[in-house]
2 protein chains.
Amino acid sequence: MKPRNTKAKTKIKELIISSYTALSQSEIQNSLQGLCDRVTIYRVLERLLDEDIIHKIVNTDGVIKFASCQSCSSEHSHNHIHFSCQKCKSLTCLEDVEPTYKLPNNYKVSEMNFTLSGLCPQCS
Amino acid sequence: MKPRNTKAKTKIKELIISSYTALSQSEIQNSLQGLCDRVTIYRVLERLLDEDIIHKIVNTDGVIKFASCQSCSSEHSHNHIHFSCQKCKSLTCLEDVEPTYKLPNNYKVSEMNFTLSGLCPQCS
DNA sequence: ATTACTTTTGCAACATTGTTGCATTAAGGA
DNA sequence: TCCTTAATGCAACAATGTTGCAAAAGTAAT
Ligand SMILES: [Mn+2]
Ligand SMILES: [Mn+2]
Ligand SMILES: [Zn+2]
Ligand SMILES: [Zn+2]
């Protein structure tokens, strides 16, 4: 399975990389203005995830968003916090903020999803 | 708006309180075996949230789950971690585990949603 | 440039989750 | 028991995500 570069993939990748905030499928669809089918967006996102170009974040309302990978060029890890603004609805990666916690024994952690919500600097 | 105790509400409340893991709408629906309509479950859950009897958790896959409130009888706070097992699919509250983190200035936090996924003690 | 191979796409169809309006039912106090 | 109104059932709808399959397009070799 050799991945190919298509119009849709190129444009979606570009969109996500140039966006300061994480984007949902529907937000991407609106930006593309009919460049490709709805289904194609889902499939392209899946491919970009596979290729470690983007990562997936579940927002506090359950909406799934996508953001570019910044710091995981060497190794793929996403242990940073996300911030969801209740006013402007933006979801941003706080790449520098990593939480600490103390788990009971016998839990094996492989992923984390940490999102704080409230007001972002622009809105507060 | 004086809340009333109905069969549906009583049963759903009972289900969630007696469950060790957080439950989704569909899991509740399966347990109820036709006791009430699908829509009623959504509406009952909303009421139980309003009454601070249960709290809402967004799982790592975006599925919304509900668990009873343990420690927020005095004040309503849910700053504990949740654990999502990738094998048995259970989502549990780790009431005693609260993370620490250092946020940049100007962010106003009002809620947090922190879910770790991996293998739970039973599955690892 | 043409061909051949295979990935990617569009479209239709479907499943799941969640919401709303409205007529009917039932809880609970008088 | 009666009355008020909260709660329910049902139908209809919207949003999100998935799948199968034929058609289109990317890529490398000729
Ligand atoms: Mn991120
Ligand atoms: Mn919890
Ligand atoms: Zn904001
Ligand atoms: Zn498990």
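Not measured: the values here are computed from a predicted model. A note on names: the letters A, B, ... follow the listed sequences, proteins ahead of strands, and every chain is numbered from 1.
Between B:Phe114 and A:Phe114, the ring planes lie parallel to each other; the angle is under 30°, not in the 30° to 60° tilted range.
Rounded to a whole Å, the CG atom of A:Asp37 is 14 Å from the C1' atom of D:dA22. Here the P atom of nucleotide D:dT16 and the CG atom of B:Asp61 are 17 Å apart, to the nearest Å. Put simply, CD1 on A:Ile41 is 13 Å from P on D:dT18, counting in whole angstrom units. As a whole-Å value, the separation of A:Met1 CE from D:dT27 C1' is 16 Å. For the pair B:Leu32 CG and D:dT8 P, the computed distance is 11 Å after rounding to whole Å.
Judged by distance alone, the side chain of B:Ser124 and the main-chain N or O of A:Asn106 form a donor-acceptor pair under 3.5 Å. Not one N or O on the side chain of A:Thr40 forms a donor-acceptor pair closer than 3.5 Å with the backbone of A:Cys36. Looking only at distances, a side-chain donor or acceptor of B:His55 sits under 3.5 Å from a matching main-chain atom of B:Ala67.
Applying the salt bridge (charged side-chain N to carboxylate O under 4.0 Å, His left out) test between B:Lys9 and each of B:Glu51, B:Glu46, B:Glu14 identifies B:Glu51 as the sole match.
For the atom pair CD of B:Gln122 and SG of B:Cys85, the computed distance is 8.0 Å after rounding to the nearest 0.5 Å.
Side-chain nitrogen and oxygen atoms of B:Thr40 include at least one within less than 4.0 Å of the OP1 or OP2 phosphate oxygen of D:dG9.
Mapping B:Arg43 and B:Lys2 onto DNA chain C by nearest heavy atom places B:Arg43 closer to the 5' end of the strand. Nearest-nucleotide positions on DNA chain D place A:Ile64 closer to the 5' end than the other of A:Ile64 and A:Asn5. Ranked by how close their nearest DNA chain C nucleotide is to the 5' end, A:Arg47 and B:Arg38 are led by A:Arg47.
Within the helix from C:dA1-D:dT30 to C:dA30-D:dT1, the inter-axis angle between the opening and closing five-pair segments is 30°, rounded to 10°.
Between B:Thr60 and A:Glu111, the side chains place no donor N or O within less than 3.5 Å of an acceptor N or O (distance only, hydrogens not considered). Side chains of A:Ser68 and A:Gln70: a donor on one and an acceptor on the other come within 3.5 Å. No hydrogens or angles considered: a donor-acceptor pair under 3.5 Å links the side chains of B:Asn59 and B:Ser84. In summary, the side chains of A:Asn113 and B:Thr115 do not present any donor paired with an acceptor at a separation below 3.5 Å, with no hydrogens or angles considered. Using a 3.5 Å distance cut-off with no hydrogens or angles, the side chains of B:Ser26 and B:Ser24 do pair a donor with an acceptor.
In this structure, B:Val44 reaches the sugar-phosphate backbone alone: every heavy-atom distance under 4.0 Å involves primed, P, OP1 or OP2 atoms, never a base. Nucleic acid contact class of A:Lys7 (heavy atoms, under 4.0 Å, all strands): none.
If you check residues 8-26 of chain A against DNA chain C, the residues with a heavy atom closer than 4.0 Å are A:Ala8, listed by number.
Scanning DNA chain C 5' to 3' for nucleotides with an atom closer than 4.0 angstrom to a non-hydrogen atom of chain B gives a first and last hit of C:dT17 to C:dG28.
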